[in-house]
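Comments concern the structure below.
Residue numbers count from 1 along this sequence.
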Amino acid sequence: AFHPHDSMVVFGTSSNCIQFYSTETYKMTNSVEPHESWVYSVSFSPNCAYLASGDLTGQLTITSVTTLKTIQQVKVHKASILCLTHSPHN
């Protein structure tokens, strides 16, 4: 997912990580591992304060973009979360 206001791109990996990269330097700036399985999808909240991520096991994780701390984790599906998006109305 591209950050809409910053030079950042974020994606999930098969090693259970969420990686943050600079679109200016093409280098990884941060990495967090809030999942226990392959991270399939990521999406920024409308205010860009949070990142939602979904994994192979159906777990949804909300991470703070500024602190990189996990805010909440919920098992929301019995199958993989292949894609997700935020509502523009919060």
Side-chain angles (χ1 to χ4, degrees):
F2 283 93
H3 190 289
H5 309 297
D6 202 358
S7 56
M8 175 193 317
V9 65
V10 178
F11 60 91
T13 71
S14 61
S15 59
N16 314 341
C17 292
I18 300 169
Q19 296 181 340
F20 297 74
Y21 279 79
S22 166
T23 57
E24 294 174 348
T25 64
Y26 305 105
K27 295 185 183 207
M28 186 168 58
T29 57
N30 282 304
S31 180
V32 294
E33 192 175 336
H35 290 274
E36 295 179 9
S37 68
W38 189 318
V39 181
Y40 277 134
S41 55
V42 293
S43 176
F44 284 101
S45 64
N47 66 1
C48 300
Y50 304 102
L51 185 74
S53 54
D55 71 16
L56 178 72
T57 67
Q59 178 175 287
L60 174 71
T61 300
I62 307 298
T63 303
S64 167
V65 174
T66 54
T67 66
L68 301 180
K69 301 281 186 198
T70 298
I71 304 299
Q72 187 170 13
Q73 288 184 308
V74 181
K75 176 84 168 175
V76 295
H77 205 282
K78 292 180 182 178
S80 304
I81 300 174
L82 301 178
C83 65
L84 52 84
T85 188
H86 281 85
S87 166
H89 306 293
N90 290 332

Please output the side-chain donor-acceptor pairs of residues 27-34 that fall under 3.5 Å, not counting sequence neighbours, one pair per line with the distance.
{"from": "T29", "atom 1": "OG1", "to": "F20", "atom 2": "O", "distance (Å)": "3.2"}

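Other residues, nucleotides and ligands contribute only 12 or fewer heavy atoms inside 6.0 Å of the NZ atom of K69.
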Checklist line | Intermediate values then yes/no, side chain to side chain contact (heavy atoms under 4.5 Å, CB included), Q19 and F11 | finding: CA-CA 6 Å; Q19 296 181 340; F11 60 91; 3.5 Å; yes

Next item on the list: Show the numbers, then the answer: is there a side chain to side chain contact (heavy atoms under 4.5 Å, CB included) between Y40 and L56?
Entry: CA-CA 7 Å; Y40 277 134; L56 178 72; 3.4 Å; yes

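In this structure, the side chains of S41 and S53 stay at 4.5 Å or more apart for every pair of heavy atoms. Side-chain atoms of Q59 and H35, non-hydrogen and from C-beta on, do get closer than 4.5 Å to each other.
Closest approach of S45 and A49 over heavy atoms only: OG-N, 3.3 Å. Residues T23 and F2 share a closest heavy-atom pair of CG2-CE2, 4.0 Å. Nearest heavy-atom pair, L51 versus I18, reported as atom, atom and distance to 0.1 Å: CD2-CG2, 3.6 Å. When all heavy atoms of L60 and A52 are compared, the closest pair comes out as CD1-CB, 4.2 Å. Between V76 and I81 the shortest heavy-atom distance is CG2-CD1, 3.6 Å.
A donor-acceptor contact under 3.5 angstrom links the side chains of H86 and S43, judged on distance only.
In this structure, CG in N16 is found 6.0 Å from OG in S37, a value given to the nearest 0.5 Å. For the atom pair Y26 OH and S7 OG, the distance stands at 10.0 Å (nearest 0.5 Å).
Hydrophobic clustering keeps V10 apart from Y21 (ILVMFWY residues linked when any side-chain heavy atoms are closer than 4.5 Å, directly or through intermediates).
With sequence neighbours excluded, the residues forming a side chain to side chain donor-acceptor pair (under 3.5 Å) with S15 are T13, listed by chain and number.
For the pair D55 (side chain) and T57 (backbone), a donor-acceptor distance under 3.5 Å is present. Of the possible donor and acceptor atoms, none in the side chain of S80 sits under 3.5 Å from a partner among the backbone N and O of L82.
The list of ring pair (Phe, Tyr, Trp, His ring centres under 6.0 Å) pairs with a residue in residues 44-84, not counting sequence neighbours, reads H3-F44.
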